[in-house]
Student: 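Before anything else, here's the structure in question.
Labels below follow one simple rule: chain letters A, B, ... track the order of the sequence lines, proteins then strands, and each chain is numbered from 1.
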Protein chains: 2
Amino acid sequence: MATCSQCPVRESSICHSLSADALDRFGRAGRRQTLLAGQTLMWEGEDALLVGNVVDGILKLTASLSDGRDQMLGIAFPSDFIGRAFGTKTRHSVTAVTDAEVCTFRRSDFDDLARRHADVEHDLLKRTLGELDQMRKWMQVLGKMTATERVAVFLIEMAARLCPDVESETALIRFTLPIGRQDMGDLLGLTIETVSRQITNLRQRQIIGTPDRRSIVIYDRRALAACAGMG
Amino acid sequence: MATCSQCPVRESSICHSLSADALDRFGRAGRRQTLLAGQTLMWEGEDALLVGNVVDGILKLTASLSDGRDQMLGIAFPSDFIGRAFGTKTRHSVTAVTDAEVCTFRRSDFDDLARRHADVEHDLLKRTLGELDQMRKWMQVLGKMTATERVAVFLIEMAARLCPDVESETALIRFTLPIGRQDMGDLLGLTIETVSRQITNLRQRQIIGTPDRRSIVIYDRRALAACAGMG
DNA sequence: CGGATCATTGACTGGTGTCAACTTAGGTGG
DNA sequence: CCACCTAAGTTGACACCAGTCAATGATCCG
């Protein structure tokens, strides 16, 4: 039984706008689920039976072409909403990349609840509009940017999401990549080898450091931004 | 003064769910505007002051990188909603590619009205979710597909939007491209030359015909779908 | 320590981009 | 109505970025 009042994403998930008793109704409809790294919660092309909130861990959204080429469509962090509300088909798979915890609803239950709680629907709308903006930015990345630019954009984006509170211009930013090279390639429309070469290149130019293969240190934010075509 | 009851997109735009008197309120807030081909309604990076419905004509959404590389983010057809509701910045430009007619609202007015009319907000949510699905499909195109596949996908997509009612498997599909080669390139992440070569190639293989440079006839739907990686 | 997985590096290929010439279509004005 | 001009599209030659294939190196985990 989900005790929503103690939920780690109580204040940041789509549930944040719910009153105490509405929260109770959602709580009864929701179900806490634990996923192991690699486990897939929804499959591309399936009926959209589930939606939910990411409580903990990282998940990826992916879609593949018939011959197996994979495209990653996004990364879901804690408090992100996942799944296709108000639709019959899930157009992409959702897979845990780390062990993860999610709070799921049967889609039909969620749709009903959302229809009755305008605040939830409004919050979902704002999230969806924000994601749409984000996707459009990625379209620019995939349609127009070079390999170096793509990797630089990715690193800046990860830094922003994983270290949201670094203020000082000069402080080093250090974070752990939530995904490996293969997934980075699938996200950026590059091969694993090209991603690797770009990272090597940025390291050789002293713009970033790679203390271990999952960690990134940004030495020169300005130069990285310039690589990303924002300079 | 917009006479909404006679609006060509009365039944298909976001207004379709409004009752007669709600429609009247929207009608007073909205303003019919005529755009000449090439005229830009909203500029990337501007404050989001306007939203609206496309009444007639075709518009394109675009964003550019600092050095001028343009990416088209989508095409807006009659009854499509344009602009960024519930947000402060417009992240992309909206430009008429044909002479066009739009019905615009001050964004703040629209936001207020939408907040008060749950059906409108719900409709906007469904549209936005649909567009998000669409964008994700384009991410696959831009991230993973070859030039031939991209052009084939584009032609199939255009056929679906412009000839929605062709039933028979064998009937020829003929339509006029709403955009030129440059815009096709900007949409597909290709150069104008590559687009041209792919079209030439498809024509030489007798899969399509090009009676004039803005018209396409699809001779072999199955083969085109195969080119698009859906076969 | 040994095996599996992931990442890096190198050599080579090939698909698109780039640059430039040419063709076609459309519009304007004499 | 034709001549011209411009913009749009096509075609060709060539270069280069990123993909492919293959070998090597680093980590992790049993």
Side-chain angles (χ1 to χ4, degrees), chain A residues 36-38 60 65 67-72 97-99 141-155 176-205 208-216 227 229, chain B residues 36-38 60 65 67-72 97-99 141-155 176-205 208-216 227 229:
Chain A
L36 299 174
K60 64 176 179 180
L65 299 174
D67 63 355
R69 283 172 285 178
D70 267 19
Q71 176 69 39
M72 193 183 299
V97 295
T98 64
D99 290 348
V141 171
L142 295 178
K144 285 276 134 54
M145 287 190 171
T146 65
T148 314
E149 288 171 326
R150 295 183 200 205
V151 171
V153 166
F154 171 76
L155 293 176
T176 299
L177 292 169
I179 57 177
R181 299 290 187 270
Q182 180 64 59
D183 282 339
M184 288 175 59
D186 286 344
L187 182 64
L188 299 173
L190 300 170
T191 59
I192 186 173
E193 293 95 332
T194 300
V195 171
S196 183
R197 279 188 252 268
Q198 299 310 324
I199 288 177
T200 300
N201 181 261
L202 290 171
R203 187 181 52 241
Q204 284 169 348
R205 291 159 65 190
I208 64 169
T210 53
D212 67 79
R213 58 187 183 183
R214 278 296 183 111
S215 299
I216 297 285
C227 290
Chain B
L36 299 174
K60 64 176 178 180
L65 298 173
D67 63 356
R69 282 172 286 178
D70 266 20
Q71 176 69 39
M72 193 182 300
V97 295
T98 64
D99 290 349
V141 172
L142 295 178
K144 285 277 135 52
M145 287 189 171
T146 65
T148 313
E149 288 171 326
R150 294 183 201 207
V151 171
V153 166
F154 171 77
L155 293 177
T176 299
L177 293 168
I179 58 176
R181 299 289 187 273
Q182 181 65 58
D183 282 340
M184 288 175 59
D186 286 344
L187 181 64
L188 300 173
L190 301 169
T191 59
I192 186 173
E193 293 95 333
T194 300
V195 171
S196 182
R197 279 188 253 266
Q198 300 310 324
I199 288 178
T200 300
N201 181 261
L202 290 172
R203 187 182 49 241
Q204 284 170 347
R205 290 161 65 191
I208 63 169
T210 53
D212 68 78
R213 58 189 183 180
R214 276 298 182 109
S215 298
I216 296 286
C227 289

Student: Could you pull out the closest heavy-atom pair between A:Arg150 and A:Gly189, with the gap in Å?
Tutor: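 Scanning both residues, the minimum pair turns out to be NH1-O, 3.6 Å.
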Student: Over how many whole Å does the gap from B:Ile199 atom CD1 to C:dT24 atom P extend?
Tutor: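 To the nearest whole Å, that distance equals 17 Å.
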Student: Using OP1 and OP2 only, check whether a side-chain N or O of A:Thr191 sits under 4.0 Å from D:dA18.
Tutor: no
Student: Would you kindly give the CD-to-C1' distance between A:Gln182 and C:dA4, to the nearest whole Å?
Tutor: 16 Å
Student: With a 4.0 Å cutoff (strictly under), does any side-chain N or O of B:Thr200 reach OP1 or OP2 of D:dT11?
Tutor: yes
Student: Write down the distance between CG (B:Leu142) and P (C:dT16), rounded to a whole number of angstrom.
Tutor: 13 Å
Student: Mind checking if A:Leu190 touches a base, just sugar-phosphate, or nothing, with heavy atoms under 4.0 Å?
Tutor: sugar-phosphate
Student: Between B:Ile179 and B:Phe154, is there a side-chain heavy-atom distance shorter than 4.5 Å?
Tutor: yes
Student: Calculate the interatomic distance between B:Arg181 atom CZ and C:dT24 atom P; express it in whole Å.
Tutor: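 Nearest whole value for this atom pair: 15 Å.
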Student: Just to be sure I understand the rule, does A:Arg213 reach a base, reach only the sugar-phosphate, or reach nothing, if contact means heavy atoms closer than 4.0 Å?
Tutor: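 The residue A:Arg213 makes base contact.
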Student: Heavy atoms under 4.0 Å, any strand shown: does B:Gly189 hit a base, just sugar-phosphate, or nothing?
Tutor: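 It contacts sugar-phosphate atoms only.
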Student: Consider the side chain of B:Glu193, meaning its heavy atoms from C-beta on, and name the nucleotide among D:dG9, C:dA7, C:dA20 that approaches it most closely.
Tutor: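 The answer is C:dA20, which lies nearest to the side chain.
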Student: Which heavy atom in B:Met145 sits nearest to a heavy atom in A:Arg69, and how many Å separate them?
Tutor: CA-NH1, 4.0 Å
Student: With no angle test and no hydrogens, is the base of D:dC17 tied to the side chain of A:Gln198 by a donor-acceptor pair under 3.5 Å?
Tutor: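 Donor-acceptor pair under 3.5 Å: no.
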Student: Measuring to OP1 and OP2 of D:dA18, would you say a side-chain N or O of A:Thr194 lies under 4.0 angstrom away?
Tutor: no
Student: Taking atom types as they are modelled, is there a donor-acceptor pair under 3.5 Å from the base of C:dT18 to the side chain of B:Arg197?
Tutor: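 Donor-acceptor pair under 3.5 Å: yes.
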Student: Go nucleotide by nucleotide along DNA chain D from the 5' end; which of A:Thr146 and B:Ile192 gets its closest nucleotide reached first?
Tutor: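 Nearest nucleotide further toward 5': that of B:Ile192.
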Student: Can you measure B:Asp212 atom CG to D:dG9 atom C1' for me and round it to whole angstrom units?
Tutor: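 Taking CG of B:Asp212 and C1' of D:dG9, I get 12 Å after rounding.
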Student: Using whole Å, what does the distance between atom C1' of nucleotide D:dT20 and atom NZ of B:Lys144 come to?
Tutor: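 Spelled out: NZ on B:Lys144 to C1' on D:dT20 is 15 Å.
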Student: A side-chain contact here means heavy atoms from C-beta on lying under 4.5 Å apart; do B:Arg203 and B:Thr200 qualify?
Tutor: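 With C-beta onward as the side chain, the pair touches.
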Student: What is the distance, rounded to the nearest whole Å, between atom CG of A:Asn201 and atom C1' of C:dT8?
Tutor: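 That distance rounds to 14 Å.
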Student: If I take atom CG in residue A:Leu177 and atom P in nucleotide C:dC6, what distance separates them, rounded to the nearest angstrom?
Tutor: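 It is 15 Å, rounded to the nearest whole Å.
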Student: Side chain of B:Arg203 only, heavy atoms from C-beta on: which candidate in C:dG17, D:dT11, D:dG9 is closest?
Tutor: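 Output: D:dT11.
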Student: Indicate whether any N or O donor in one side chain lies under 3.5 Å from an N or O acceptor in the other, for A:Asn201 and A:Arg197.
Tutor: no
